[in-house]
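Just so you know, these numbers use all the heavy atoms, side chains as well, and skip hydrogens, waters and symmetry mates.
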Amino acid sequence: MVDLTTLGSRRHQRFSAQKLLLVIGVVGLIWAPFFIYPIFVMKVLCFALFACAFNLLLGYAGLLSFGHATFFGGAAYFTAYAVKEWGVPPELGILIGVAGAALLGLVMGFVAIRRQGIYFAMITLALSYMFYFFCLQAAFTHGEDGIQSVPRGYLFGILDLNNSFNMYYFVLAVFLIGVLIIWRFINSPFGMILKSIRENEQRAISLGYSVAHYKLGAFVMSAALAGLAGAVKALVFQFATLTDVAWQMSGEVILMTLLGGIGTLIGPLFGAGFVATLENYLATSEFPVTIITGIVFMVCVLLFRRGVIGEFYASRLGRKLGFEYRR
């Protein structure tokens, strides 16, 4: 017979351990700019949110997109142009970027979800290429020069974002809100249905769910959150360029997600931090960064099939702490 008291005590211990790790992580991020260059940490947070948004689509809906740079870079362009040319405050510029990314996600998703598997991935890649060449030719993007010298302005007319610490804590707040939205989304009834579609789409259809509508909803949500990351990144670095919409950016976010662990909330955060750190410290090296990241990726695929965090979740220690890997 199962001892309910013992079982409840174990669950409480697991929850307490997870809660403790969460508090340590948040406290670490709060103190990070006092020990690490704030711009670098802001870059990590932006890409971590981007990777989490991508993982929402791949890890929980089972849809592999090769075109997420469209939403990330598109929002960066929209926000940069609105803030610099229209003179809107930064919070409104970010909302414009997110709305633009969501609209792009709606259009691209409406076309792409009609196909599955590799065909879905190829359609998103083709549409992403179309948007890249649009940004290359459009007048408002300034072609290869991009939109530069984007003013950060004052948040709500009060907080000066030109101050690095003010900007950092604003980015941290946006990051935490974004991750909280993703967590709530995947643990909602909508998220549960997405997981069922990922596991067995035909059975979900037989139960009466409109699979196309759920896929499109996940696609738009993922695009909007990726746009949020791109919009904030445009303010952090004060420019938006073609690099943000290139296919390499889509490949980079896929790499981040796979390194950390598909279908885990923390995995993309780890992957983004690892890749950004690797690129930062190898930037001055004579050895090509892409070769190093390629080698790291191969090693991860061979040794960590679930990703680094996914393997930790599946380990004995991870299970004791209450983590589960369901992929």
Side-chain angles (χ1 to χ4, degrees), residues 50-75 101-134 181-182 185-227 229 245-265 267-268 271 297 300-301 305-307 310 325-327:
F50 183 28
C52 286
F54 174 78
N55 184 55
L56 174 63
L57 188 65
L58 176 60
Y60 297 97
L63 298 173
L64 174 60
S65 168
F66 283 146
H68 255 53
T70 296
F71 317 125
F72 182 79
L103 181 60
L104 288 172
L106 180 63
V107 174
M108 184 181 290
F110 182 78
V111 176
I113 62 170
R114 299 174 184 272
R115 295 293 181 265
Q116 298 179 352
I118 190 62
Y119 302 104
F120 173 88
M122 290 298 101
I123 289 175
T124 57
L125 178 61
L127 293 173
S128 180
Y129 259 109
M130 292 172 61
F131 186 76
Y132 171 83
F133 285 109
F134 167 77
I181 290 173
I182 293 173
F185 188 82
I186 62 180
N187 288 284
S188 67
F190 191 99
M192 298 301 172
I193 295 171
L194 279 183
K195 294 174 187 177
S196 69
I197 293 173
R198 178 195 66 190
E199 298 298 331
N200 194 328
E201 184 172 331
Q202 295 303 317
R203 186 169 185 179
I205 293 174
S206 69
L207 291 174
Y209 294 113
S210 179
V211 170
H213 289 166
Y214 281 98
K215 285 183 177 180
L216 183 59
F219 199 97
V220 173
M221 175 63 74
S222 179
L225 290 167
V245 294
W247 68 268
Q248 290 91 338
M249 185 62 71
S250 295
E252 195 165 318
V253 74
I254 293 173
L255 173 63
M256 293 174 183
T257 307
L258 291 177
L259 282 175
I262 300 173
T264 64
L265 188 61
F297 177 67
C300 180
V301 169
R305 300 296 298 272
R306 303 180 180 93
Y325 184 82
R326 298 177 181 176
R327 179 63 182 156

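- In this structure, the side chain to side chain contact (heavy atoms under 4.5 Å, CB included) partners of Leu255, at least two apart in sequence or on a different chain, are Leu259, Val275, Thr293, Phe297.
- Looking only at side-chain heavy atoms (C-beta outward), Leu58 and Leu63 stay at 4.5 Å or farther from each other.
- Heavy atoms only, all atoms of each residue included: Ala102 and Ala224 are closest at CB-CB, 4.1 Å.
- Residues meeting the side chain to side chain contact (heavy atoms under 4.5 Å, CB included) test with Gln248, sequence neighbours left out: Ala246.
- Under the side-chain hydrogen bond (donor to acceptor under 3.5 Å, both in side chains) criterion, Ser250 pairs with no residue, sequence neighbours left out.
- Scanning for side chain to side chain contact (heavy atoms under 4.5 Å, CB included) contacts around Asn200 gives Gln202, Arg203, with sequence neighbours left out.
- Counting all heavy atoms, side chain and backbone alike, Ile197 lies closest to Lys215 at CG2-CE, 4.1 Å.
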Task: Test side chain to side chain contact (heavy atoms under 4.5 Å, CB included) applied to Leu57 and His68, step by step - done: CA-CA 10 Å; Leu57 188 65; His68 255 53; 3.6 Å; yes

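- Nearest heavy-atom pair across Met249 and Ala69 is CB-CB, 3.7 Å.
- Contacts classified as salt bridge (Lys or Arg N to Asp or Glu O under 4.0 Å) and involving residues 102-129 (residues at least two apart or in different chains) are not found.
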Solution key, residues 120-133 side-chain donor-acceptor pairs under 3.5 Å, sequence neighbours excluded:
residue, atom, partner, partner atom, Å
Thr124, OG1, Phe66, N, 3.0
Thr124, OG1, Phe120, O, 3.4
Thr124, OG1, Ala121, O, 2.6
Ser128, OG, Thr70, OG1, 3.2
Tyr129, OH, Trp247, NE1, 3.4

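- The stretch residues 216-227 participates, sequence neighbours left out, in no salt bridge (Lys or Arg N to Asp or Glu O under 4.0 Å) pair at all.
- Taking both residues in full, the closest heavy atoms of Gly109 and Leu216 are given as C-CD1, 3.6 Å, listed atom of the first, atom of the second, then distance.
- Rounded to the nearest 0.5 angstrom, Thr264 OG1 and Asn55 CG are separated by 6.0 Å.
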Open item on the list: Using side chain to side chain contact (heavy atoms under 4.5 Å, CB included), reason through Ile262 and Tyr60 one step at a time and then give a plain yes or no.
Closed with: CA-CA 9 Å; Ile262 300 173; Tyr60 297 97; over 6 Å; no

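- With sequence neighbours excluded, the residues forming a ring pair (Phe, Tyr, Trp, His ring centres under 6.0 Å) with Phe72 are Phe47, Phe50, listed by chain and number.
- Phe190 pairs by the ring pair (Phe, Tyr, Trp, His ring centres under 6.0 Å) definition with Phe185, Tyr214, not counting sequence neighbours.
- Between Ala223 and Gly105, the shortest heavy-atom distance links the atoms CB-CA, 3.7 Å.
- Within the structure, no pair that satisfies the salt bridge (Lys or Arg N to Asp or Glu O under 4.0 Å) test touches residues 50-67, not counting sequence neighbours.
- To the nearest 0.5 Å, atom CG of residue Leu225 and atom SG of residue Cys52 are 9.5 Å apart.
- The shortest distance between side-chain heavy atoms of Phe71 and Leu103 does not fall below 4.5 Å.
- Ser188 is linked by a side-chain hydrogen bond (donor to acceptor under 3.5 Å, both in side chains) to nothing, counting only residues two or more places apart in sequence or in another chain.
- In this structure, Ile193 and Ser196 approach most closely via the heavy-atom pair O-OG, 2.5 Å.
- Gln116 meets the side-chain hydrogen bond (donor to acceptor under 3.5 Å, both in side chains) test with Glu201; sequence neighbours excluded.
- Put simply, CG on Leu194 and CD1 on Ile186 are 10.5 Å apart, with the number rounded to the nearest 0.5 Å.
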